Each structure stands twice: as C-alpha cells, then as structure tokens.
2 protein chains.
Amino acid sequence: MNVTGHNRSPASIRDVAAAAGVSYQTVSRVINGHPSVKQSTRERVLAAIDELGFRRNATALALARGRSRAVTVLTANTTHYGYASILQGVEESARSAAYSVGVGVLESADPAAVTAEVQRAADAGGGLVVIAYDPEGVQALEAVPAGVPVVGIVETPASPPTDNRPWVWTDDRQAAYEATRHLLSLGHETVHYVAIPSSTRRTGARTSGWRQALKEAGAAQPRPVQGSWGPAGGHAAGRKLARDPSVTAILCGNDDLALGVLRALHEAGRSVPGEVSVAGFDDAPHSAYLTPSLTTVRLDFTGLGRAAFALLHGVLEESAPIAPHPVSVPELVVRESTGRPSA
Amino acid sequence: MNVTGHNRSPASIRDVAAAAGVSYQTVSRVINGHPSVKQSTRERVLAAIDELGFRRNATALALARGRSRAVTVLTANTTHYGYASILQGVEESARSAAYSVGVGVLESADPAAVTAEVQRAADAGGGLVVIAYDPEGVQALEAVPAGVPVVGIVETPASPPTDNRPWVWTDDRQAAYEATRHLLSLGHETVHYVAIPSSTRRTGARTSGWRQALKEAGAAQPRPVQGSWGPAGGHAAGRKLARDPSVTAILCGNDDLALGVLRALHEAGRSVPGEVSVAGFDDAPHSAYLTPSLTTVRLDFTGLGRAAFALLHGVLEESAPIAPHPVSVPELVVRESTGRPSA
DNA sequence: GACATGAATGTGACCGGTCACAACCGCAGT
DNA sequence: ACTGCGGTTGTGACCGGTCACATTCATGTC
C-alpha cells in the first residue's frame, strides 16, 4: 500500500524523516544513493518513502540545484512533418535521460512575440533547442540570452550562428544538389524550383544547392517560385508552372509542396512523370503512397532531434565532451514521380 | 541598457532591493502590482529592475506558490495529424495565458513506462492534458495520481472516465455514422471499415458509429479490417480488400489509412471512385490535394486542444467555472473519392 | 588509555520567491 | 495630547529540496 488514498498534500522529505525517525538529510542521502548510510537505516527510510508515497518535488529540486532537467524546443510550427519529427527525436532521447520536454511555438509576424517566447522558455531554467529553419527560428536563436544553454538546428553549415553556440544541421544544400542532379541526369534541360520560405533574407540552403547543380551543368537557371509550407502553396505554384509547356522537371522545397504541385499538374492534364517530373524533399510518411509515388530526399529529422539533445545534454551536465557538430546525411529516394522527359 | 552583458548569475529580488534601497518585499510588491507602494518607490524599483535585467525566477515562483503555470500534454504520438494538431491547439491557448507547455510521449508496449511518464509529468507541478484516443492514453489517464488537475481528450462521450474528471471529446461515433450513411446513400450495398487501433479493449467509437449506420440500413456488417495508424497499415488492409470484387465502399479510420488504401486499390487496378469509393477521417491538410481528393470527416483538433486547455485553466485558477464538456462538431467533406457504385 | 580515523548522522544556511504579520508613518477625530 | 486608522514598508518563516560543515560513534593503533 504505497498510496494512502486521501493524502492531503504530498509528503516531503521531512515527513518521511519523521516517519522513519531520522533527519531530513538522511532521507536526502537515501534518495540520492549516497553510500554512507547504514543498511538498516536505509531500509527504514525506504519503507517510509513507500508508505507515504513520497515523490521528490521536481520544482524544489530545480531551485536548490540551480538547474532543471528540462529542455524546451522552440519552433515555428509543430504540425509539419520535419518539425514534428525533430520534436519527436528530442523528446525520445530526453525521456530516456529523464528530462522533461517543453514546446514553445514562435508566432510568425510579431518579433516581440518571438522574443517574449524565448524569454519565457529561458526562464524555465533548462536548456533550449531552437529550430532555426525559418526566419522566426533564426530570430529566436539570436534572442536567446547569454548564459542560457542552447543548441540550434540550422539549415546550412555555411555560416554558423553569430556566436560559438553548438548547432546541428542536415546538409540541405548537398541534398538539393543531388536531387537536382538526379533530374538533370534523366535528361531534363533544366529544373524548376518551388521554394519554401527561406531561413534568412538571403537564399536558403536548398535553393542554393539547386542553383549550383544547374550552374555546374550549364543549364538555364529559372527563377524559383515562392511557395509557402503547405500543399496549398504548392498547388498555387504548380498552376503557374503547368501553364508553361517548357517545364519538364520540378523540384519542390518539401513533400507537401510537391503534393500540391502534383495535384495542379493533374488538373492541368499534364501527366507525371510522362510530361513532367516532380521531386520533393523530406520523405514524409505519405510520400511513398501517393500516386505517382514521390521521388524525394530523405532527411533524418528524428536523428537530428536526438543529436541536438545529446549535444545539449553534454553542455548541461558537463560530463560528456561536446561532440563535433553532428550531420545527418540526406539520401535520395527515387520513386515514380521522376523519369525521362518525353521529348 | 537593460542587459549588462557579463552578468554572473541572474539578479534576484534581493539584488534589486539592494540596488533600489528598499526591502525585498517591496520589490515583490512592485512585481505583482500591489497597490500600496508609493509612486516614487515604485519607479525607483522599476529602474533597478531594468538596470539589473531582473527576471522573476519561474522555478522559485512555482515552489513558493505551490503551483506552476504549466501544462503537460501526454500523448502516444506527436507526428500524426490529429495528435499534433491537438498539441498545437493546447500550446496556442496556453501561450496566450502565459503558461508553458510540456510534452510527454507514451511509449507503447510497456505499461510501466507509461506510468513512469505520467508520474514525471505529474511531478512537474502543473496540469495535465491526456490524449486518450488509444490504449496508452487511456492507461495514462487512469494512472494520473489523485489530486493532479487533468483533462482527458476522449473518443466517445458514451462512458466517461472512471472518476469525475473533466474531459472533452469529438463525437467520433456520430462522425463515423454520418460518413457511413453518406456512402450508403450513394447506393452502396454495404461499407467496409479499416479500423485504427481502438482506445479500449472494447470497440472504438468510430467502429461503433459505422456499425450502427449499417444496422439501421439493414446492410451487411462485414468484419472491420484492423489497420495501424499510418499509410503502411492502410496499404496492407487495402490489398486484402482489393482482392474482393464485392467491395465497393471503404471507410477508413483516418486519412493516412485511406491514403494507403487508395494506393493499394490503384496497384490492384481498381479505379476510385469508379469501382470503389473510399472515405477517410480527420481531414488532414494533404487530403484535399490527393488524386482523387479524399472524402473525409473534418474534425477540429486544434479547437479540441484549445477547449481542453480552457477547461484545465479553469480548474487550475479556480476562477472561471468549469464549462460543460465542450464538443466539437465533425463535418463531412465530400470530395472526389466517393461516388455511386458502377454496378 | 589516549588518539587518530572513517563511517553514519544531524544542524544550519541557502536557492528565490511568497505569505502572514508587525511596525512605522502622517493625519484626522475627540 | 491621545487614539484610531489607512497607506507604506520591513521582518521572519516557509515552500522542499540541497550543500557545507559539525557532531557522534565505533574501531584500530600506539
């Protein structure tokens, strides 16, 4: 009988101490597995703990220790596949390290709101993981107060964040490069690009990888079409591209955009991959089941989340040395949506 | 200059008090907007706060007050559309109430792990939102220690959780009922069902709504096909159903399953909706862009999340009275994937 | 038998806030 | 001059743990 049902407020170590006839300090020692506690005493204390249903108060612990086994993930979105998977990865490893995980969403538009959210997360006391794939995330990363442990998840290894904080990345640039080369190698004259909103005012890593592949191949470099994140944006972009008969290959900034593009092409009566090839980015779970199934670049988002946590964990506990910035290697997955041009 | 760069440890109210030449209690009063503080004093304190870059320590606050403006969402998954959207809804309203949001994932298989996760979340001190759409969630809801404020998000209003804790729901039963009736009204002899894992050992709400519609129409009641959550499960189920030429209408437990079913039918050479009609559940963002676009039942998951938080907020702050269990009304969205049977 | 030694335990202060209560202030009422 | 009172401010204890240090006790050694 470890829970006595109608207990008023939860038992503290002093309650346990009283019940076991020892001092609170001894109870503390037992909880923390300190060696110098006589066996008989330890057993008495453990019995009392069980009896009273004692659980160590996490808040008090955090206050006394000055740090709180907690990580907060700051992200612009929690529903898109990549973001959600990163969160899942962080949560996964955080859980097995007995850390708790918080989420803070960075509301677009308002910079003050972003800063406020960062502040609140910082006040929580633990470490921060900032997903800096988009403008809000980048701003958030910069707004993190000095002294707060933080790991950034960024799009490109090219230019590190302003200071020497650790970060992890997927090599999006390389990934886009490879996807573009795949399409070119099939015989397409050039490849059009439907972009996701880029992380900075400058060109995003995916865009730049695509561009480089075109350049190296001496192919024409059409203007990227700006899309949003979701399928609706892809659909809008796809309608424009579908009107241009010279378009035979389209690379999309993510799989959702690609889905919208596929739909737009279908509505315009252009067959995929017969007339137009389409490739995506991310390899979301549904991409393999579309008709036609989607050629895309698989990115290990959950692995990225795990790496971010591992890094942060190292910083917070000062135990494990900070591993060099982990990279996850993207992998091109060729499916039905890409093929040789018909002409 | 509110941040003095190289500040060692963050300033406490006593630091501020010293700087302003008042007692710590006066600082506390200023922070909390207590009326009886002389205007000149207040200004002096505010100046010191700004000077030292003081921020109130959330941990200490929680310890002193005995409760912490925090909510933890317990869920079996963070990436599936419905779950992720609920989380988003909770986060959204939590943020505007200046609450922080935690996430705990309930690892399947191991019941002990589920209980442990619930415990850790409870220890965090705030309130709990448990998504009890699946066996893990239901178990978690039951494992919440007495005295911890909790709101459950359940599948069916039929049988409330064991005790009188508040909860919210979507009327999944009614939704499935309507979707089934839609298919029957198109002239299908009967409707097959690909089920998501149900929340209890008994039949899930969606299954039961489907069954009732068939019963009322005097239609045959085929065995539901067990699927998992993702498209892979739907694909497997779809392959079985595709082999049976008598199958002309399939209702799926969610849109991901439906996607897998669509793919399987395509592979088997059966046209949708020409030979077979397919309907999903949830109205995920991509469902409208599939080819054929998916008939489905739209559920307001973010609204559900918001409602859950509102309820919990009421409990935690004892201010607003507990509103009656909010329901969000599902809406049938008819698209291309359903039509009259060909025969 | 006196003393150093190490194991086992207890005491007080502290983390950074809050709460309850006491004390001080100036001013009106008698 | 004495009292009452509301506005202002300060003091001490507390939330539930930890940490640094002091203390007690049994033991082995000279």
Side-chain angles (χ1 to χ4, degrees), chain A residues 7-46 48-49 52-70 98 120 122-126 147 317, chain B residues 7-46 48-49 52-70 98 120 122-126 147 317:
Chain A
N7 36 5
R8 300 241 131 266
S9 60
S12 74
I13 55 168
R14 322 213 182 217
D15 298 330
V16 174
V22 296
S23 78
Y24 53 81
Q25 181 60 265
T26 299
V27 176
S28 172
R29 289 197 181 94
V30 170
I31 300 174
N32 295 304
H34 192 288
S36 68
V37 175
K38 214 198 314 183
Q39 183 60 22
S40 62
T41 309
R42 183 187 309 277
E43 280 163 9
R44 205 141 34 88
V45 171
L46 288 174
I49 285 177
L52 298 174
F54 168 82
R55 305 218 83 224
R56 188 222 239 112
N57 181 317
T59 306
L61 182 66
L63 180 59
R65 281 228 236 264
R67 65 200 143 91
S68 62
R69 298 178 75 79
R120 185 158 66 244
D123 289 349
E317 311 253 310
Chain B
N7 36 6
R8 300 238 132 268
S9 61
S12 75
I13 55 168
R14 320 211 184 219
D15 298 330
V16 173
V22 297
S23 78
Y24 53 83
Q25 180 60 267
T26 300
V27 175
S28 172
R29 289 196 181 96
V30 170
I31 300 172
N32 295 303
H34 193 288
S36 68
V37 175
K38 215 196 318 185
Q39 183 60 20
S40 62
T41 309
R42 181 188 309 277
E43 280 163 9
R44 206 141 34 90
V45 171
L46 288 175
I49 286 177
L52 299 175
F54 167 82
R55 305 217 83 225
R56 188 222 237 111
N57 181 317
T59 307
L61 182 67
L63 180 59
R65 283 228 235 264
R67 66 199 142 92
S68 62
R69 298 178 74 80
R120 185 158 68 244
D123 289 349
E317 310 255 309

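Every heavy atom of this structure was used, including side-chain atoms; hydrogens, water molecules and symmetry mates were not. Just so you know, these numbers come straight off a predicted model, no measurement behind them. Numbered from 1 within each chain, the chains take letters A, B, ... in sequence-line order.
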In whole angstrom, give the distance that lies between atom CZ of A:Arg42 and atom P of C:dA7.
14 Å

Rounding to a whole Å, what distance do you find between B:Ile13:CD1 and C:dC15:P?
12 Å

Regarding A:Thr41, tell me which of base, sugar-phosphate or nothing describes its non-hydrogen contacts under 4.0 Å with the strands shown.
sugar-phosphate

Round to a whole Å and report the spacing from CZ of B:Arg44 to P of D:dT8.
14 Å

Tell me whether the side-chain N/O atoms of A:Arg14 come closer than 4.0 Å to OP1 or OP2 in D:dC15.
no

For atom CZ of B:Arg65 and atom C1' of C:dG16, their distance in whole Å:
13 Å

Of all the nucleotides listed (C:dT18, D:dT9, C:dC15), which has the minimum atom distance to the side chain of A:Leu63?
C:dC15

Are OP1 or OP2 of C:dC15 and a side-chain N or O of B:Asn57 less than 4.0 angstrom apart?
no

Could you give the CG-to-C1' distance, from B:Asn32 to C:dT18, as a whole number of Å?
8 Å

As a quick check of understanding, evaluate side-chain contact (heavy atoms from CB on, under 4.5 Å) for B:Glu317 and B:Arg69, giving each step before the final call.
CA-CA 10 Å; B:Glu317 310 255 309; B:Arg69 298 178 74 80; 3.4 Å; yes

Choosing from D:dA20, D:dG12, D:dG16, which nucleotide comes nearest the side chain of B:Tyr24?
D:dG12

Would you find a donor on one side and an acceptor on the other, under 3.5 Å apart, between the side chain of B:Asp15 and the backbone of B:Ser12?
yes

Which of these nucleotides, C:dT18, C:dC21, D:dT8, is closest to any side-chain atom of B:Lys38?
D:dT8

Any side-chain N or O of A:Ser28 below 4.0 angstrom from OP1/OP2 of D:dG17?
no

Nearest whole Å is fine: how far is D:dT18 C1' from A:Arg69 CZ?
15 Å

Tell me the interatomic distance from B:Ile31, atom CD1, to D:dT9, atom C1', rounded to whole angstroms.
16 Å

Is the phosphate of D:dT18, meaning OP1 or OP2, less than 4.0 Å from a side-chain N or O of A:Arg56?
yes

Whole Å only: how far is the CD1 atom of A:Ile49 from the P atom of D:dG17?
10 Å

When all nucleic acid strands are considered with a 4.0 Å heavy-atom cut-off, which category describes A:Leu61: base, sugar-phosphate, or nothing?
sugar-phosphate

Does B:Thr26 have a side-chain nitrogen or oxygen under 4.0 Å from the phosphate oxygens OP1 or OP2 of D:dG10?
yes

Can you see if the side chain of A:Ser36 gets near the phosphate of C:dT9 - specifically, an N or O under 4.0 Å from OP1 or OP2?
no

Worked check of side-chain contact (heavy atoms from CB on, under 4.5 Å) between A:Leu63 and A:Thr59:
CA-CA 6 Å; A:Leu63 180 59; A:Thr59 306; 5.7 Å; no

Gap between atom CD1 of B:Ile49 and atom CZ of B:Arg44 - 0.5 Å precision:
12.5 Å

Answer with yes or no whether A:Arg29 presents, from its side chain, a donor or acceptor under 3.5 Å of a partner atom in the base of C:dT9.
yes

With a 3.5 Å cut-off and just heavy-atom distances, do the side chain of B:Gln25 and the base of C:dT18 make a donor-acceptor pair?
no

Counting distance alone, no hydrogens or angles: does the base of D:dG16 have a donor or acceptor under 3.5 Å from a partner atom on the side chain of A:Arg55?
no

Below 4.0 angstrom from OP1 or OP2 of C:dT9, is there any side-chain N or O of A:Ser23?
no

